[in-house]
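Positions are given from 1 along the sequence.
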Amino acid sequence: MTNKLVIIGGVAGGATAAARARRLNENAEIVMFERGPYISFANCGLPYHIGGVIKKRDNLILSTAEMFSKRHHVDVRINTDVLAIDRSGNTVRVRNLATGEEYSESYDKLILSPGAEPVRPPFKGIDVQNIYTLRNLPDMDRINACIDEMSPLTAVVVGGGFIGLEMAENLVFKGIKTTIIEKLDQVMAPLDKEMANFAHAHLREKNVELILGDGIRDFEKKDGSIIVHTEQGKRVVCDMVVLSVGIRPETRLAMDAGLALGETGAIEVDATMRTSDPHIYAVGDAVEVRDYITGRKTMTPLAGPANKQGRIAADNVMNRSSVFCGTLGTAIVKIFDLAVAQTGLNEKTALKWGVPYLTSYTHSGSHAGYYPGAETLSIKLLFSPGNGTILGAQVVGKDGVDKRVDIIATAIYAKMTVFDLQNLELAYAPPYGSAKDPVNIAGYVASNIIKGDIENVYIDELDALDPQEYLLLDLRTKGELKRSGQIKDAIHIPIDDFRDRMGELDNQKNYITYCAVGYRAYLAHRALIQKGFKSKNLSGGYETYVMANMAPPEEKSTESHEK
């Protein structure tokens with residue numbers, strides 16, 4: 001049993017490890033070093049305090065050093081920087097940042113939880129005043145001070161990931177006109193483009209300007225404002241900038257100590273969270289772990305995995321066998337009224353690693369349509385050909401997104417198939433769901449693909465089809481066409497007239513059926529093939545087609561951002 005455990009870093013990984021270690025060993029000496037003043041705070045809540053959603057700053061402090069020390073009998077030393085690890089002597093060299101004192105501390109076992117730091121690229125002008133990153137409470141305090149003291153009217157958020165989107169939302173809540181600049185052609189890189197387009201449309205509805213597929217060239221300070229120059233020559237004038245271009249694992253201590261780094265550049269650990277040194281473990285955003293589906297190495301900078309890893313490392317330090325089974329990268333982000341979530345593989349990752357897959361799109365009501373307030377909930381499901389094993393999902397909507405992505409994440413972890421999804425018995429009452437839940441419907445549609453009851457054409461395949469051979473068949477009502485338009489050259493026959501008018505069709509042609517979301521097109525497809533016609537179905541229907549083909553609106557003049 002370990003007599004002395006030293007932990008470097010608090011928050012999700014380190015604080016969890018310390019509390020777990022104490023529960024397993026009441027007699028061990030446990031020392032936790034934290035470079036900053038806070039050992040346990042809700043870093044995921046930082047943008048929401050900036051936006052005023054979380055009113056009290058103290059609500060973000062989950063435990064002070066004094067509280068944690070008293071409750072868990074842990075020697076907590078805040079404002080203390082660990083300078084080096086001496087593996088041969090089993091000691092760490094530390095500096096008290098308040099006094100400047102340096103000293104050595106011994107250990108039997110060591111757990112590293114240094115986290116990750118925001119990337120701050122060497123753009124020209126990046127050090128001008130009022131350009132911020134957001135990692136911790138002091139960062140949040142600086143942004144709040146800027147808002148309170150300067151009353152900025154405009155802001156630029158660089159990066160469209162989780163923090164960037166949350167910051168954009170909360171700056172808008174403060175009355176600040178906000179522009180997101182993202183080097184990729186979409187926000188939320190874990191999503192496939194057509195699903196990210198739901199977020200693009202909603203952000204623009206909320207008057208957030210998007211500049212996509214364009215990076216930062218430099219920053220310039222002029223007349224009290226910041227001028228952001230992009231690589232493609234755009235010029236955005238603003239009062240403040242928040243950088244959210246990604247994070248990098250803090251590996252300096254590990255590198256200097258000679259610990260092995262993995263192929264991602266993060267600290268290499270085994271399933272027990274042990275590093276290349278048998279006396280040193282590592283957890284959280286700084287480590288490289290195994291992707292649950294592919295088995296490949298990845299990084300998952302999320303609080304859930306960090307908490308699990310802290311617990312697992314503490315178990316093993318205290319001689320209780322425990323392993324980390326891998327990560328699905330399950331995540332969700334709130335974008336104003338929209339929730340966007342994903343778990344497991346997306347198409348980009350599946351293609352990158354050569355994982356065979358099929359996809360289905362479904363657009364269902366978040367709860368029973370006859371009960372007020374139902375919203376469309378869109379699910380993209382990836383699954384294996386043949387056996388239908390679930391590989392990943394992306395879920396977008398205004399209500400019930402979290403519940404559905406969590407169900408699918410659980411199903412992936414349990415190695416379930418799409419046939420299992422259709423059989424799940426889920427809670428139903430009109431305010432909460434439907435007798436056939438959106439998850440069940442996703443399972444039914446995917447199962448139909450596996451069984452051959454439907455053959456799909458996907459949106460990105462349409463342009464390559466010979467228009468002389470393939471004809472689009474729109475099964476929606478006249479009212480729907482008038483409201484939302486239709487795909488060029490499509491034949492229109494409403495589903496309720498379809499069987500009476502089937503004689504109008506040419507049985508030498510191949511018909512691609514579509515409706516709003518897929519159900520009526522499926523009915524027509526089944527009827528066609530049983531009557532001897534050649535037919536395929538447009539996966540996801542017109543709603544997916546619109547999202548996949550959404551073109552950004554004409555760029556507005558960025559000069560209007562000047563005061």
Side-chain angles (χ1 to χ4, degrees), residues 1-41 61-115 136-137 250-259 267 269 272-275 277-287 306-307 309-320 322:
M1 186 72 76
T2 297
N3 294 316
K4 184 173 182 181
L5 170 63
V6 169
I7 300 171
I8 300 174
V11 199
T16 297
R20 176 64 173 171
R22 175 56 72 217
R23 292 195 296 273
L24 296 178
N25 188 343
E26 185 62 27
N27 299 313
E29 182 181 358
I30 303 174
V31 181
M32 182 163 62
F33 294 111
E34 169 55 49
R35 183 189 301 153
Y38 307 99
I39 58 107
S40 185
F41 64 92
I61 301 173
L62 305 179
S63 180
T64 65
E66 182 180 11
M67 290 166 53
F68 194 91
S69 180
K70 284 184 175 180
R71 176 162 295 181
H72 300 291
H73 191 51
V74 171
D75 182 357
V76 180
R77 304 181 198 177
I78 58 174
N79 298 311
T80 303
D81 193 15
V82 178
L83 305 176
I85 301 168
D86 178 2
R87 291 167 54 196
S88 62
N90 277 30
T91 63
V92 293
R93 187 72 180 167
V94 300
R95 176 187 293 139
N96 184 317
L97 297 177
T99 66
E101 175 195 4
E102 291 189 16
Y103 59 94
S104 292
E105 189 76 31
S106 65
Y107 66 84
D108 294 323
K109 300 288 185 183
L110 181 66
I111 297 177
L112 300 177
S113 181
N136 51 36
L137 286 165
E250 284 210 17
T251 58
R252 179 191 59 81
L253 273 176
M255 288 177 61
D256 291 349
L259 297 178
I267 302 169
V269 294
T272 69
M273 308 312 298
R274 185 172 55 187
T275 70
D277 185 315
H279 301 292
I280 302 177
Y281 294 72
V283 302
D285 296 355
V287 305
N307 273 284
Q309 292 160 16
R311 180 184 177 93
I312 289 164
D315 279 357
N316 289 292
V317 162
M318 296 303 172
N319 295 334
R320 179 175 291 192
S322 186

Listed once per pair and sorted, the ring pair (Phe, Tyr, Trp, His ring centres under 6.0 Å) pairs that draw on residues 6-41, sequence neighbours left out: none
Who pairs with Arg23 by side-chain contact (heavy atoms from CB on, under 4.5 Å), at least two apart in sequence or on another chain? Ala19, Arg20, Arg311
For Thr272, side-chain contact (heavy atoms from CB on, under 4.5 Å) partners two or more places apart: Asp270, Arg274, Tyr281, Asn316, Val323
Nearest 0.5 angstrom please: [X] [atom1] to [Y] [atom2], how far?
{"X": "Glu29", "Y": "Ser106", "atom1": "CD", "atom2": "OG", "answer": "7.0 Å"}
{"X": "Tyr103", "Y": "Thr91", "atom1": "OH", "atom2": "OG1", "answer": "12.5 Å"}
{"X": "Asn79", "Y": "Ile39", "atom1": "CG", "atom2": "CD1", "answer": "12.0 Å"}
{"X": "Leu110", "Y": "Leu259", "atom1": "CG", "atom2": "CG", "answer": "8.5 Å"}
{"X": "Leu112", "Y": "Ile7", "atom1": "CG", "atom2": "CD1", "answer": "10.5 Å"}

Does anything in residues 78-90 form a salt bridge (charged side-chain N to carboxylate O under 4.0 Å, His left out)? List the pairs, not counting sequence neighbours. Arg35-Asp81, Arg87-Asp277
Can you tell me which residue pairs pass the salt bridge (charged side-chain N to carboxylate O under 4.0 Å, His left out) test with a partner in residues 7-16, sequence neighbours excluded? none
4.5 Å side-chain heavy-atom contact, [X] and [Y]:
{"X": "Leu5", "Y": "Val31", "result": "no"}
{"X": "Leu253", "Y": "Val82", "result": "yes"}
{"X": "Asp256", "Y": "Ile85", "result": "no"}

Would you please test Val287 and Gln309 for side chain to side chain contact (heavy atoms under 4.5 Å, CB included) and show each step? CA-CA 10 Å; Val287 305; Gln309 292 160 16; 3.6 Å; yes
So which heavy atom on [X] is nearest to which on [Y], and how close?
{"X": "Ala306", "Y": "Gly284", "value": "CB-CA, 3.9 Å"}
{"X": "Asp75", "Y": "Arg77", "value": "OD2-NH2, 2.7 Å"}
{"X": "Ala314", "Y": "Ile111", "value": "N-CD1, 4.2 Å"}
{"X": "Ala313", "Y": "Val283", "value": "CB-CG1, 3.7 Å"}
{"X": "Thr275", "Y": "Ile267", "value": "CG2-CG2, 4.0 Å"}

N/O donor-acceptor pair under 3.5 Å between [X] side chain and [Y] backbone:
{"X": "Lys109", "Y": "Lys4", "value": "no"}
{"X": "Arg22", "Y": "Glu26", "value": "yes"}
{"X": "Thr16", "Y": "Gly14", "value": "no"}

Please assess Leu83 against Val94 for the test side chain to side chain contact (heavy atoms under 4.5 Å, CB included), listing each intermediate value before the final yes or no. CA-CA 5 Å; Leu83 305 176; Val94 300; 5.9 Å; no
Non-neighbouring partners of Glu66 that pass salt bridge (Lys or Arg N to Asp or Glu O under 4.0 Å), sequence neighbours left out: Lys70
Could you tell me whether Glu102 and Arg93 have a side-chain N and a carboxylate O separated by less than 4.0 Å? yes
Kindly indicate, with the supporting measurements, whether the criterion side chain to side chain contact (heavy atoms under 4.5 Å, CB included) is fulfilled by Ile30 and Met32. CA-CA 7 Å; Ile30 303 174; Met32 182 163 62; 5.6 Å; no
If you count every heavy atom of other residues, nucleotides or ligands that lies below 6.0 Å from Arg320 atom CZ, does the total exceed 12? no
Using a distance-only test with no angle check, is there a side-chain donor-acceptor pair under 3.5 angstrom linking Asp108 and Thr2? no
Apply side chain to side chain contact (heavy atoms under 4.5 Å, CB included) to residues Asn319 and Asn25 and explain how you reach the verdict. CA-CA 10 Å; Asn319 295 334; Asn25 188 343; over 6 Å; no
